Amino acid sequence: MVELMVNGTRVSVETDAGKPLLWVLREDLDLLGPKYGCGVAQCGACRVLIDGESTPSCVTPIDSVAGASVVTVEGLVQADGTLSLVQQAWIDEQVPQCGFCQPGFIIAATALLEATPQPTDAQIDEAITNICRCGTYPRIRRAIHRAATMLAER
Ligand code: FES
Ligand code: FES
């Protein structure tokens, strides 16, 4: 039994200690935002926030996050249904193509803006190492700048 916070709710999961967090989220908690891409911490499709840090959940054993706060892309939406600034910027810039990789990018961008509210292109490129097979990188960059502007005007 592992207890942790997921998207603001305390949950107890009965599972193997070494089961990757990604599969606990998808199979046990029915949170399908985090995706399986590579399984080896390279593509970023499975990224979630763990205590605020963008982390690949595919290589994170569930027992290592006992007591932690995990936020998936679903958890970025406010209780009244309002999207986060990053999610809204993603829509405004019409970023996704197939969409598979996008939850991981949104998580990574959220963590970046938390640490660096007005990132340069170079800081975006350095911080966001996710892979998008559809090549949406230019729109992702624009969406991050848009979210940064919205953040500054808030
Ligand atoms: S599936 Fe986790 S980084 Fe690719
Ligand atoms: S939008 Fe298709 S892989 Fe990124």
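Keep in mind that this is a model prediction, so the values were computed, not measured. Both ligands and their constituent atoms are indexed starting at 1 by order of listing.
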At less than 4.0 angstrom from any non-hydrogen atom of [X], what atoms of ligand 2 do you find?
X: C132; result: 1 (S), 3 (S), 4 (Fe)
X: R133; result: 3 (S)
X: Q102; result: 1 (S), 4 (Fe)

For this session: Please state whether the rings of Y137 and F105 are parallel, tilted or perpendicular, taking 30° and 60° as the class boundaries.
Result: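 Ring orientation, 0 to 90° scale: perpendicular.
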
For this session: Please find out if atom 2 (Fe) of ligand 2 and some N, O or S atom of C98 are separated by less than 2.8 Å.
Result: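 It does; at least one qualifying atom falls short of 2.8 Å.
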
Exercise. Do E74 and T72 meet the criterion of a side-chain donor-acceptor pair at a distance under 3.5 Å?
Worked result: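 Present: a donor and an acceptor within the cut-off.
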
Exercise. Would you say the side chains of Q102 and T136 form a donor-acceptor pair under 3.5 Å?
Worked result: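 Judged by distance alone, the side chains do pair up.
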
Exercise. Any sub-3.5 Å donor-acceptor pair from R47's side-chain atoms to G104's backbone N or O?
Worked result: no

Work out which heavy atom in [X] is nearest to a heavy atom in [Y]; give both atom names and the distance.
X: I50; Y: A68; result: CG2-CB, 4.1 Å
X: A45; Y: G37; result: CB-N, 4.3 Å
X: I107; Y: V73; result: CD1-N, 3.8 Å

Seminar exercise, completed: The answer, listing residues by chain and number that come under 4.0 Å of ligand 1 through any heavy atom, is G37, C38, G39, A41, Q42, C43, G44, C46, C58

Exercise. With sequence neighbours left out, what residues match D63 under salt bridge (charged side-chain N to carboxylate O under 4.0 Å, His left out)?
Worked result: none

